[in-house]
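Computed over heavy atoms, backbone and side chain alike; hydrogens, waters and symmetry mates excluded. The first residue in the sequence is number 1, and the count goes up from there. We count ligands from 1, going down the list as the structure has it; atoms in each ligand are counted the same way.
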Amino acid sequence: MAGPPAAWVVRFAPLVPAGAPVLDLACGRGRHGRLFLDRGHPVTFVDRDLSAVADLADRPAATLIEADLEDGSAWPVPGRRFGGVVVTNYLHRPLMPALIDAVAAEGVLIYETFADGNARFGRPSCVDFLLRRGELLGLLGDSLSTVAFEDGEVAVPRPAIVQRIVAVAPARTPVAIPPA
Ligand SMILES: C[S@@+](CC[C@H](N)C(=O)[O-])C[C@H]1O[C@@H](n2cnc3c(N)ncnc32)[C@H](O)[C@@H]1O
């Protein structure tokens, strides 16, 4: 059971161009990649442990890449561009330039993870895994244009402090913002 996709990803999924390839980075059980497979996108799933997406191995539209993203290995999808780059509940700051570069000209980056202050709700509580206030905006720099950004406390799916962003290539703006 992959679990339900994050509401943030569901809301902004329509910004991924129809049929465009999607990258689900640090995919875990692949709940977001599965969402995009269901929407008719080819999806590349990357994680250091693919056991929770092994059931997708026979799906022609699913590419599974086992890779450690933090051990200094090469970026696992060199030269590839995606209509959707999705990262949730995972943070490794050095990857940000590669993530931005992986967003196609008509693509979108959808990112959501935990932020400073989350320790009072549980894990993650280590500062290495928590974004500082507004940090995602800074990490993106000028390469992508922000469509939506939130930074604060949420009650669902469980109480947490999160930061989330949706960004597109500047040439694509303005986009129609999907309703909340
Ligand atoms: C909290 S889970 C999030 C999974 C998924 N993105 C989601 O939101 O459902 C974090 C994921 O990051 C992966 N991960 C952690 N460190 C990693 C690394 N160094 N290289 C690749 N994947 C890693 C874990 O295996 C795990 O699947």
A.B. asks: Run the salt-bridge test on Glu70 and Arg48 with the 4.0 Å N-O cut-off and return the result as yes or no.
C.D. replies: no

A.B. asks: Counting distance only, does the side-chain N/O of Arg29 pair as donor-acceptor with the main-chain N or O of Gly3 below 3.5 Å?
C.D. replies: no

A.B. asks: What protein heavy atom lies closest to atom 22 (N) of ligand 1? Include the residue and the distance to one decimal.
C.D. replies: Arg48 N, 3.3 Å

A.B. asks: Mind checking whether Phe114 and Leu131 have side chains closer than 4.5 Å, heavy atoms only?
C.D. replies: no

A.B. asks: I'd like the name of whichever of Val86, Thr88, Val53 reaches closest to atom 3 (C) of ligand 1 through any heavy atom.
C.D. replies: Thr88

A.B. asks: Would you mind running through ligand 1 and noting each atom that sits below 4.0 Å from a heavy atom of Glu70?
C.D. replies: 16 (N), 17 (C), 18 (C), 19 (N)

A.B. asks: At a 4.0 Å cut-off, with the gap strictly under it, does some heavy atom of Ala67 reach an atom of ligand 1?
C.D. replies: yes

A.B. asks: Salt bridge check: are Arg93 and Asp128 linked by an N-O gap of less than 4.0 Å?
C.D. replies: no

A.B. asks: Any idea which part of Ala6 is under 4.0 Å from ligand 1, heavy-atom wise: side chain, backbone, both or neither?
C.D. replies: neither

A.B. asks: Contact between Thr88 and Tyr111 at the side-chain level, heavy atoms closer than 4.5 Å - yes or no?
C.D. replies: no

A.B. asks: Do Asp101 and Arg80 sit within salt-bridge range, that is, some charged N less than 4.0 Å from a carboxylate O?
C.D. replies: no

A.B. asks: Tell me, which protein residue and heavy-atom name are nearest atom 24 (C) of ligand 1, and how many Å apart are they?
C.D. replies: Asp47 OD1, 3.4 Å

A.B. asks: Drop me the distance from Ile65's CD1 to Thr44's OG1, to the nearest 0.5 angstrom.
C.D. replies: 5.5 Å

A.B. asks: Short list, please: which atoms of ligand 1 are under 4.0 Å from a heavy atom of Gly28?
C.D. replies: 4 (C), 27 (O)

A.B. asks: Does some non-hydrogen atom of Arg31 fall short of 4.0 Å from ligand 1?
C.D. replies: yes

A.B. asks: State whether the shortest distance between N or O atoms of Leu69 and N or O atoms of ligand 1 falls below 3.5 angstrom.
C.D. replies: yes

A.B. asks: Would Asp55 and Arg34 count as a salt bridge (charged side-chain N to carboxylate O under 4.0 Å, His left out) if you check the C-alpha gap in whole Å, the side-chain angles of each, and the deciding distance to 0.1 Å?
C.D. replies: CA-CA 11 Å; Asp55 60 297; Arg34 293 173 196 272; 2.8 Å; yes

A.B. asks: Looking at atom 4 (C) of ligand 1, what's its closest protein heavy atom, distance included?
C.D. replies: Ala26 O, 3.4 Å

A.B. asks: Tell me if a side-chain donor or acceptor on Asp151 pairs with a main-chain N or O of Gly134 at a distance below 3.5 Å.
C.D. replies: yes

A.B. asks: Could you say whether the N/O atoms of Asp68 and ligand 1 ever approach to under 3.5 Å?
C.D. replies: yes

A.B. asks: Considering only heavy atoms, does Ala52 approach ligand 1 within less than 4.0 Å through its side chain, its backbone, both, or neither?
C.D. replies: neither

A.B. asks: What is the closest protein heavy atom to atom 2 (S) of ligand 1, and at what distance does it sit?
C.D. replies: Asn89 O, 4.0 Å

